[in-house]
Amino acid sequence: MTTDTATDVFEEHRPVLLGVAYRMLGRLADAEDVVQEAWLRWSGADRDGVREPRGYLVRVTTRLAIDRLRQIKSRGETYVGPWLPEPYVTDFGDAVPDTAERAVLADSVSLAVLVVLESLSPLERAVFVLREAFGYPYAEIAAMLDRTEAAVRQLSGRARKHVDERRPRFDVDPAERRDLTERFLAAAADGDLEGLMSLLAPDVRLVGDSGGKSKAPLRVLESADKVARFLVGAARKGIADLTYRFLEVNGGPALLALSGGKPDSVFQVDIADGRIQSVYIVRNPDKLRSLTV
């Protein structure tokens with residue numbers, strides 16, 4: 001395999017590798033570093049003996065992501081306020097034509113699921129991502145992780161049980177989510193407390209991620225009254241030279257707020273039974289750098 005061919009093969013599989021690494025780490029910069037390291041391993045490998053490049057590259061990427069995740073956890077860094085994954089612009093386009101497959105991929109990268117995955121062990125997270133998001137058979141996952149198939153099945157069962165117990169259930173209709181997001185934005189921008197209350201579920205939760213580097217609640221807000229009053233108060237303070245645009249983030253419609261043309265915050269909502277159940281706001285500037293306009 002020539003160097004040019006090796007590059008072409010790697011670039012063909014780069015989106016999958018980035019998808020695996022991001023789901024493992026929840027941080028785009030870390031995921032890109034892992035994919036770059038996978039490229040270095042690939043470019044220096046004896047590629048003539050590789051029969052399945054995709055499987056080889058996914059194995060390398062997964063192991064590197066496990067190592068990176070263990071390093072992050074071992075540092076025991078304290079995060080200021082609630083933590084959310086870095087917003088990841090997703091557009092499966094024609095690459096994922098099947099509606100069911102698209103729904104699985106979108107769900108596996110959703111903010112709600114990634115928050116739950118943070119509480120799994122690195123190995124459990126790897127097995128969950130490879131099995132649930134990418135559909136790898138247990139035998140292949142076992143080979144990738146140097147574990148027995150029985151051990152992988154056990155890890156998968158624990159991870160699936162953990163996620164099912166903690167993941168909230170939401171409707172996934174993109175059109176309904178976008179419609180509610182637009183109405184939510186309009187009510188918040190107008191300071192319409194009554195309008196907001198009509199859109200929010202009684203037990204709605206607002207999770208704001210600032211990392212201590214911008215203004216956002218340092219605790220999760222719960223109840224329609226608290227969330228609505230916070231949003232009205234924030235709207236009254238305003239953001240300078242504010243504009244908006246819609247984009248798909250983490251498998252669902254989201255709103256990007258721009259201040260002077262630069263990303264200021266990302267808003268996304270989850271809905272069920274026609275009401276907003278969760279509001280996510282990412283304002284940590286370190287997590288908005290990839291959202292270039």
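A search for side chain to side chain donor-acceptor pair (under 3.5 Å) contacts involving Ser119 returns His162, not counting sequence neighbours. Residues satisfying the side chain to side chain contact (heavy atoms under 4.5 Å, CB included) test with Ala151, not counting sequence neighbours, are Arg147, Thr148. For Glu11, the side chain to side chain contact (heavy atoms under 4.5 Å, CB included) partners at least two apart in sequence or on another chain are Thr7, Arg14. Listed by chain and residue number, His13, Val16, Val58, Tyr136 satisfy the side chain to side chain contact (heavy atoms under 4.5 Å, CB included) test with Arg54 (two or more places apart in sequence, or in another chain). For Arg68, the side chain to side chain donor-acceptor pair (under 3.5 Å) test picks out Asp30, with sequence neighbours left out. Considering only residues two or more places apart in sequence or on other chains, Arg59 meets the side chain to side chain contact (heavy atoms under 4.5 Å, CB included) condition with Tyr56, Arg63, Met144. Residues that satisfy the salt bridge (Lys or Arg N to Asp or Glu O under 4.0 Å) test with Arg178, not counting sequence neighbours, are Glu182. Taking Glu176 as the reference, nothing meets the salt bridge (Lys or Arg N to Asp or Glu O under 4.0 Å) condition, with sequence neighbours excluded. Listed by chain and number, the residues in a salt bridge (Lys or Arg N to Asp or Glu O under 4.0 Å) with Asp164 are Arg160, Arg167, Arg169 (sequence neighbours excluded). Asp179 meets the salt bridge (Lys or Arg N to Asp or Glu O under 4.0 Å) test with Arg183; sequence neighbours excluded.
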Donor-acceptor list for residues 229-241 side chains, cut-off 3.5 Å, not counting sequence neighbours:
residue, atom, partner, partner atom, Å
Arg229, NE, Asp225, OD1, 2.8
Arg229, NE, Asp225, OD2, 3.4

Show me the donor-acceptor pairs within less than 3.5 Å that the side chains of residues 192-202 make with the rest of the protein, sequence neighbours left out.
residue, atom, partner, partner atom, Å
Asp192, OD1, Glu194, N, 3.4
Asp192, OD1, Gly195, N, 2.8
Ser198, OG, Gly195, O, 2.6

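Between Tyr280 and Asn250, the side chains place no donor N or O within less than 3.5 Å of an acceptor N or O (distance only, hydrogens not considered).
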